[in-house]
Amino acid sequence: MKAPDLPDMGQLVTGKKLFFASDFHLGFPDPVASLARERKIIRWLDSIAPVAGHIFLLGDLFDFWFEYGHVVPKGFVRFQAKLAELADRQIPISIFVGNHDLWMFDYFNHELGVAVYKTPQAFTCEGKRFLVGHG
């Protein structure tokens with residue numbers, strides 16, 4: 001079985017890279033520590049944006065995300081805004097749901113332009129196969 005191409009990626013532009021990160025656990029252990037970590041993540045995203053061909057966020061971004069049909073969960077707006085900004089700049093972002101964010105449904109896809117996967121996916125990029133997921 002041939003793995004699909006990376007979603008919405010097309011061909012990587014010369015000099016562009018793939019980035020992988022996981023287990024931010026925003027919300028743990030307390031609001032102060034979480035905010036400091038959120039700001040570090042945003043600085044990292046800003047630093048990779050010029051060379052990013054695709055960003056893979058491999059689950060447990062939050063220490064329990066509960067998505068509702070008509071309300072946005074409280075907190076982490078800086079992180080969400082950064083993802084929306086990067087998606088608006090045509091940097092593909094894929095989130096793989098982890099065991100701490102199982103209640104992630106369509107908000108990130110519809111509001112932020114970020115692809116969300118609930119199961120590991122096989123991708124091919126420049127002839128190399130990747131099996132990507134939370135684990």
Common cluster, L35/F28, ILVMFWY with side-chain heavy-atom separation under 4.5 Å: no

Do F62 and F24 have their ring centres less than 6.0 Å from each other? no

When rounded to the nearest 0.5 angstrom, what is the spacing between CD1 in I93 and CD1 in I55? 5.0 Å

Give the intermediate values and the outcome of side-chain contact (heavy atoms from CB on, under 4.5 Å) for residues Y107 and Q80. CA-CA 10 Å; Y107 175 77; Q80 293 175 54; 3.1 Å; yes

Euclidean distance, R37 CZ relative to L26 CG, rounded to 0.5 Å: 6.0 Å

With sequence neighbours left out, the residues meeting salt bridge (charged side-chain N to carboxylate O under 4.0 Å, His left out) with E85 are K82, R89

Tell me whether I91 shares a hydrophobic cluster with I42, the cluster being built from Ile, Leu, Val, Met, Phe, Trp, Tyr side chains joined at under 4.5 Å. no

Indicate whether the side chain of H54 and that of S94 have a donor and an acceptor atom separated by less than 3.5 Å. yes

CG/D60 to OG/S22 distance, rounded to the nearest 0.5 angstrom? 7.5 Å

Between G113 and A87, what is the shortest heavy-atom contact and its length? O-CB, 3.8 Å

Among the clusters formed by ILVMFWY side chains lying less than 4.5 Å apart, do L83 and V77 turn up in the same one? no

Distance col, row Y117:OH vs I95:CD1, nearest 0.5 angstrom, shows 11.0 Å

Test side chain to side chain donor-acceptor pair (under 3.5 Å) applied to T119 - qualifying residues, sequence neighbours left out: Q121

Starting at CZ of F108, measure out to CG of L61 and round the result to the nearest 0.5 Å. 7.0 Å

Centres of the F123 and F130 rings: under 6.0 Å? no

Return yes when atom CZ of F19 has more than 12 non-hydrogen atoms of other residues, nucleotides or ligands closer than 6.0 Å, and no otherwise. yes

Shortest non-hydrogen separation from P92 to G53 and the atoms involved: CD-O, 3.3 Å

Gap separating the CZ atom of F76 from the CG atom of D63, nearest 0.5 angstrom: 8.5 Å

